[in-house]
Student: 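Here it is, the structure, as structure tokens.
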Amino acid sequence: MKFDFDLFVIGAGSGGVRAARLSARFGARVAIAEERYLGGTCVNVGCIPKKLFVYASHFGEDFADARGFGWEAATAEFHWPRLLTNKNREIGRLHGVYARLLRDSGAQLIDGRAQLVDPHTVVVGEKRRTAERILVATGGWPRVPEFPGHEHAITSNEVFQLPDLPRRAVVVGGGYIAVEFAGILHGLGVHTTQLYRGDLFLRGFDHECRTFLAAEVRKRGVDLRFNSEVVSISKTGAYLRMLLADGTALETDLVLYATGRGPNTSALGLEAAGVRTRPGGAIEVNESLQTSVPHIYAIGDVTDRIKLTPVATAEGTVLARSLFGGQPSGVDYRGIPSCIFSQPNFAMVGLTEEAARKNGNGISVFRSSFTPLKQTLGGRSEKTLMKLIVDKATDRVLGAHMVGPDAGEIIQGIAVAMKAGATKAMFDATIGIHPTAAEEFVTMRMPDK
Ligand code: NDP
């Protein structure tokens, strides 16, 4: 045979593992190299441990709410080391699952850092291996801007293994990770400040929902500050001192920077193989996920497009099917739902109200804002907001947005309806499940605008 492998995958994160397993199941000879941890960001320092932390951080509120339902809870005491141990055990279990899935598929797992040395050759350690096709699925890495004292800040990579929970923390950024971690830390009892450089966090999401979420987050007690830029961080004894552009200073025990993630492409040998990257290092791909070298492919965060695990796995699936399964297809990037696991959740699919208007769609906006039933006895002041954006001409639902408990669970189903082209009339013809928050999506009768 001309090559050692039919496919060599670099990076065993969500996308790489999916592509490797499926390709091997189709009969391809597959190798997959991983230098750090099986499962990549999602399993180790992302989605999974983050969601476990979100669950952990909710209990304080749950204990408080329980009083209204007649319960007298014991004094709540939180043990961070126990949470870390249990979380690490679960991740260890997932490593085992990933390793077994790869083994059972017939793909060969190679431990070590892979580097391209020419368009068909990959080196791991001392060993050179050739492959007919190569897939780069090396993911991304947190990005911290350079400024005096930036080295005192940690990122989402470190926050999952903090030896102690700080008393005070400052989270910098206004994207998914910053909003999620401000909620987690606050929920675990840390006095939390979140700083965002712009007027309103979560740029690009539905404006009304962003404003609504900001109010809910502040109500819970996070010190959320907009138009706040960090000038420097210095270490003073046991704590950190942050200087902000408006001249104010902040004293804290931990600074978490969540200011975006960049593609993991340095020292990968992309130049040696002739693979073109964009400024910033992201790998350019066409709609068949081919790089500038047609037999080298890239999927997931390393392409710096839609940085979501299910997108990377969808790309891995489509690639394996196209290359080895005789089922050529493409990824449908329209209508990708997502959820920010803030407290409360903020989930969405389709167009925001602003984007729909900008597109020139004549739209009707249906909305419902209410106190969740649980809070009638729980007693906390919490509101839920739900919105549907409907095209006036076709009656198609263009966007659905929700800020409230379990928004991610609810929007997933709405995304299916929207994929099927559901109209508002179809939503109206659907009978609700009572009493749920989700039923509001099928009982919105009058548009607001
Ligand atoms: P995001 O790109 O979502 O947000 C980055 C934030 O940092 C923005 O608010 C941005 O502000 C701000 N920022 C960027 N540069 C600077 C700077 N130099 N100084 C101050 N602020 C800055 O990145 P995250 O790190 O939150 O997450 C990375 C990606 O991971 C996300 O885009 C998402 O795709 C994915 N993710 C998904 C999750 C989910 O599905 N639940 C959870 C976590 C991550 P501005 O808006 O002004 O540019």
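Keep in mind that what you see is a predicted model, and the values were worked out from it rather than measured. Ligands are counted one by one from 1 in listed order, and the atoms in each one are counted from 1 as well.
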Student: Near Tyr196, which atoms of ligand 1 are under 4.0 Å from a heavy atom of that residue?
Tutor: 9 (O), 11 (O), 45 (P), 46 (O), 47 (O)
Student: Just verifying a value: how many Å separate Leu213 CG and Lys219 NZ, rounded to the nearest 0.5 Å?
Tutor: 11.0 Å
Student: Return the closest protein heavy atom for atom 26 (O) of ligand 1 as residue, atom name and distance.
Tutor: Ile177 N, 2.9 Å
Student: Please report which non-hydrogen protein atom sits nearest to atom 5 (C) of ligand 1, along with the residue it belongs to and the distance in Å to one decimal place.
Tutor: Gly260 N, 3.6 Å
Student: What is the closest protein heavy atom to atom 46 (O) of ligand 1, and at what distance does it sit?
Tutor: Arg203 NE, 2.9 Å
Student: For Glu382, which of Gln343, Lys374, Arg220 qualifies under side-chain hydrogen bond (donor to acceptor under 3.5 Å, both in side chains)?
Tutor: Arg220
Student: Can you tell which of Tyr196, Phe226, Phe212 makes a ring pair (Phe, Tyr, Trp, His ring centres under 6.0 Å) with Phe201?
Tutor: Phe226
Student: Specify the protein heavy atom at minimum distance from atom 21 (N) of ligand 1: its residue, its atom name, and the distance to 0.1 Å.
Tutor: Thr259 CG2, 3.4 Å
Student: Starting from atom 17 (C) of ligand 1, locate the nearest protein heavy atom and write down its residue, its atom name and how far away it is, to 0.1 Å.
Tutor: Arg197 NH1, 3.4 Å
Student: Give yes if a backbone or side-chain nitrogen or oxygen of Gly174 is under 3.5 Å from a nitrogen or oxygen of ligand 1, and no if not.
Tutor: yes
Student: Does the ring center of Tyr176 lie less than 6.0 Å from the ring center of Phe181?
Tutor: no
Student: Report yes if Ile340 has an N/O atom closer than 3.5 Å to an N/O atom of ligand 1; otherwise report no.
Tutor: no
Student: Please report which non-hydrogen protein atom sits nearest to atom 34 (O) of ligand 1, along with the residue it belongs to and the distance in Å to one decimal place.
Tutor: Lys307 O, 2.8 Å
Student: Is Gly198 near ligand 1, meaning one of its heavy atoms is under 4.0 Å from it?
Tutor: no
Student: Hey, is the main chain of Gly11 close enough, under 3.5 Å, to the side chain of Thr138 for a donor-acceptor pair?
Tutor: no
Student: Quick one: does any side-chain atom of Asp246 pair with a main-chain N or O of Thr248 as donor and acceptor, under 3.5 Å?
Tutor: yes
Student: Given 3.5 Å as the limit, does a donor-acceptor pair link the side chain of Ser156 with the main chain of Ile177, or not?
Tutor: no
Student: Hey, does the side chain of Thr265 reach the backbone of Gly281 with a donor-acceptor pair shorter than 3.5 angstrom?
Tutor: yes
Student: Is a side-chain donor or acceptor of Asp206 paired with a backbone partner of Thr352 at a separation under 3.5 angstrom?
Tutor: no
Student: Can an N or O of Ser338 be found at a distance shorter than 3.5 Å from an N or O of ligand 1?
Tutor: no
Student: Purely on distance, is any nitrogen or oxygen of Cys339 under 3.5 Å from one on ligand 1?
Tutor: yes
Student: Contact between ligand 1 and Arg143 is defined here as a heavy atom of the residue under 4.0 Å from a ligand atom; is it met?
Tutor: no
Student: Under 3.5 Å, side chain of Thr192 to main-chain N/O of His186, donor-acceptor pair present?
Tutor: yes
Student: Residue-level breakdown please: for Glu229 versus ligand 1, do any non-hydrogen atoms fall below 4.0 Å on the side chain, on the backbone, on both, or on neither?
Tutor: neither
Student: Does the Asp301 side chain pair with the main chain of Asp304, one donor and one acceptor, at a distance under 3.5 Å?
Tutor: no
Student: Find all atoms of ligand 1 within a distance of less than 4.0 Å from any non-hydrogen atom belonging to Arg261, and give their numbers and elements.
Tutor: 28 (C)
Student: For Leu308, take its heavy atoms, then give the atoms of ligand 1 lying under 4.0 Å from any of them.
Tutor: 37 (C), 40 (O)
Student: Any idea which protein heavy atom is nearest atom 31 (C) of ligand 1, and the distance to it?
Tutor: Tyr176 CD1, 3.6 Å
Student: Atom 4 (O) of ligand 1: which of Gly173, Gly175, Cys42, Gly46 has the nearest heavy atom?
Tutor: Gly175
Student: Quick one: are the ring centres of Phe53 and Phe160 less than 6.0 Å apart?
Tutor: yes
Student: Would you mind listing which atoms of ligand 1 come within a distance below 4.0 Å of any non-hydrogen atom of Pro145?
Tutor: 17 (C), 18 (N)
Student: Number the atoms of ligand 1 from 1 as they appear, then name those within less than 4.0 Å of a heavy atom of Lys50, with their elements.
Tutor: 41 (N), 42 (C)
Student: So which protein heavy atom does atom 42 (C) of ligand 1 come closest to, and at what separation?
Tutor: Glu180 OE1, 3.3 Å
Student: Should the pair Lys424 and Phe366 be classed as cation-pi, given the thresholds of under 6.0 Å to the six-membered ring centre and 45° from the axis?
Tutor: yes
